[in-house]
Trainee: 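Take a look at the following structure, please.
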There are 2 protein chains.
Amino acid sequence: MREDPLYKNRKVITIGVVSELTGLSERQIRYYEERKLIFPERTERGNRKYSFSDVERLIDIANKRDEGVRTYEIRQEMLKNKKKEDAKIRNQMLRGQINARFGIQKGKN
Amino acid sequence: MREDPLYKNRKVITIGVVSELTGLSERQIRYYEERKLIFPERTERGNRKYSFSDVERLIDIANKRDEGVRTYEIRQEMLKNKKKEDAKIRNQMLRGQINARFGIQKGKN
DNA sequence: CGTGTAAGGAATTCTGACACG
DNA sequence: CGTGTAAGGAATTCTGACACG
């Protein structure tokens, strides 16, 4: 009964279904890709495929747009968050290296 | 970072992608539906939509078929398992009722 | 900038049927 | 029984463009 976290990120949903799921027009969804807010995969002949994560992100985008936020600003925000994420990961990896060399210290918990 | 268990059961994948994911032909996938082994939903105009659960079930079916098991037998087996599941759920509900009336007893844990 | 729309073509999906076995 | 295939039509998706603002 465990859930496979991978499902959320598998790119399997076609644009028509994404449109139903998000309430956005296909035009809007394609435009947000053009503005680099979303990155679908493609089938062999070029049909876009999205993940549930993408659907969630699109809903976020739709909300921001409703508040008047521009696509450019949304992109800036995304990049900023990505930097934070990357920094966090680097930090964890560094910690891992230290532990590997100097031994595991039980953290709080 | 929690996973939403609902993703696994959301019917959002079109038959073409399911075919890629399972390695089964669309003909086979439709036939297994005809034999009541799988139950996709439909879009407004009738296009089939499958869940990740459906994909897993199809892979199971494919394996059984490879071993020579007939669709009828696969269906019988599924029905038997479903009965077991239902019995288990009835059992849990009954237990819930008892607890509700006579108080909660901490189980082993 | 963000989105609608008409345009034309290519790929997708659907159903019912014939085929083989 | 289980699956392939050709058939014809309807719906889907794609791209590039014009429109409005």
Trainee: Rounded to whole angstroms, how far apart are CZ on B/Arg42 and P on C/dC14?
Mentor: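 Distance check: B/Arg42 CZ to C/dC14 P gives 6 Å.
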
Trainee: As a test of reading the structure: which of C/dT13, C/dT3, D/dT3 is closest to the side chain of B/Thr14, going by heavy atoms?
Mentor: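 Among the listed nucleotides, the one closest to the side chain of B/Thr14 is C/dT13.
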
Trainee: So which of A/Glu33, A/Gln28, A/Glu26 actually passes side-chain hydrogen bond (donor to acceptor under 3.5 Å, both in side chains) with A/Arg30?
Mentor: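 For A/Arg30, the side-chain hydrogen bond (donor to acceptor under 3.5 Å, both in side chains) test succeeds with only one of A/Glu33, A/Gln28, A/Glu26, which is A/Glu26.
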
Trainee: Looking only at the side chain of A/Arg35 (C-beta and beyond, no hydrogens), which of the listed nucleotides C/dG4, C/dG2, D/dG2 gets closest?
Mentor: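 Within the option list, the nearest is C/dG2.
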
Trainee: Find out whether B/Arg65 and B/Thr71 are in side-chain contact, i.e. whether some heavy atom of one side chain is under 4.5 Å from a heavy atom of the other.
Mentor: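 A side-chain contact under 4.5 Å exists here.
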
Trainee: Among C/dT3, D/dT13, C/dT12, which nucleotide sits nearest the side chain of A/Arg45?
Mentor: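 Looking only at heavy atoms from C-beta outward on A/Arg45, the closest nucleotide is C/dT12.
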
Trainee: Quick check for you: among D/dG2, C/dT3, D/dC14, whose closest atom lies nearest to any side-chain atom of A/Asn47?
Mentor: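 For A/Asn47, the side-chain atoms sit closest to D/dC14.
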
Trainee: Measure distances between side-chain N and O atoms of A/Arg27 and base N and O atoms of C/dT5, and say whether any donor-acceptor pair falls under 3.5 Å.
Mentor: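 Checked by distance alone, the answer is yes.
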
Trainee: If I take atom CD in residue A/Gln28 and atom C1' in nucleotide C/dT3, what distance separates them, rounded to the nearest angstrom?
Mentor: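 One finds 7 Å between C1' of C/dT3 and CD of A/Gln28, rounded.
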
Trainee: Using only heavy-atom distances, determine whether the side chains of A/Asn9 and A/Ser51 contain a donor-acceptor pair under 3.5 Å.
Mentor: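 A/Ser51 and A/Asn9 do not have a side-chain donor-acceptor pair below 3.5 Å.
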
Trainee: What is the distance from CZ of A/Arg70 to C1' of C/dT3, rounded to the nearest Å?
Mentor: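 Taking CZ of A/Arg70 and C1' of C/dT3, I get 15 Å after rounding.
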
Trainee: Rounding to an integer number of Å, can you tell me how far B/Leu58 CG sits from D/dG2 P?
Mentor: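 Rounded to whole Å, this separation is 15 Å.
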
Trainee: Pairs counted as Watson-Crick or G-U wobble with both distances under 3.5 Å: what dot-bracket string results for DNA chain C, using | for bases tied to another strand?
Mentor: .||||.||.|.|.||.||||.

Trainee: Given atom CD of B/Glu26 and atom P of D/dA7, what is their separation to the nearest angstrom?
Mentor: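 Taking CD of B/Glu26 and P of D/dA7, I get 18 Å after rounding.
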
Trainee: Could you check how far CD of A/Glu34 sits from C1' of D/dA17, rounded to whole Å?
Mentor: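 It works out to 12 Å between those atoms.
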
Trainee: Please step through side-chain hydrogen bond (donor to acceptor under 3.5 Å, both in side chains) for the pair A/Tyr31 and A/Arg27, ending with a clear verdict.
Mentor: CA-CA 6 Å; A/Tyr31 181 65; A/Arg27 179 67 168 98; over 6 Å; no

Trainee: Rounding to an integer number of Å, can you tell me how far B/Ile29 CD1 sits from D/dG2 P?
Mentor: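 These atoms are roughly 16 Å apart.
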
Trainee: Rounded to the Å, how far apart are A/Leu37 CG and C/dG2 P?
Mentor: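 Going from CG in A/Leu37 over to P in C/dG2 covers 9 Å.
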
Trainee: Tell me what A/Thr43 touches on the nucleic acid: a base, only sugar-phosphate, or nothing, going by heavy atoms under 4.0 Å.
Mentor: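 If one applies the 4.0 Å heavy-atom cut-off, A/Thr43 turns out to touch nothing in the nucleic acid.
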
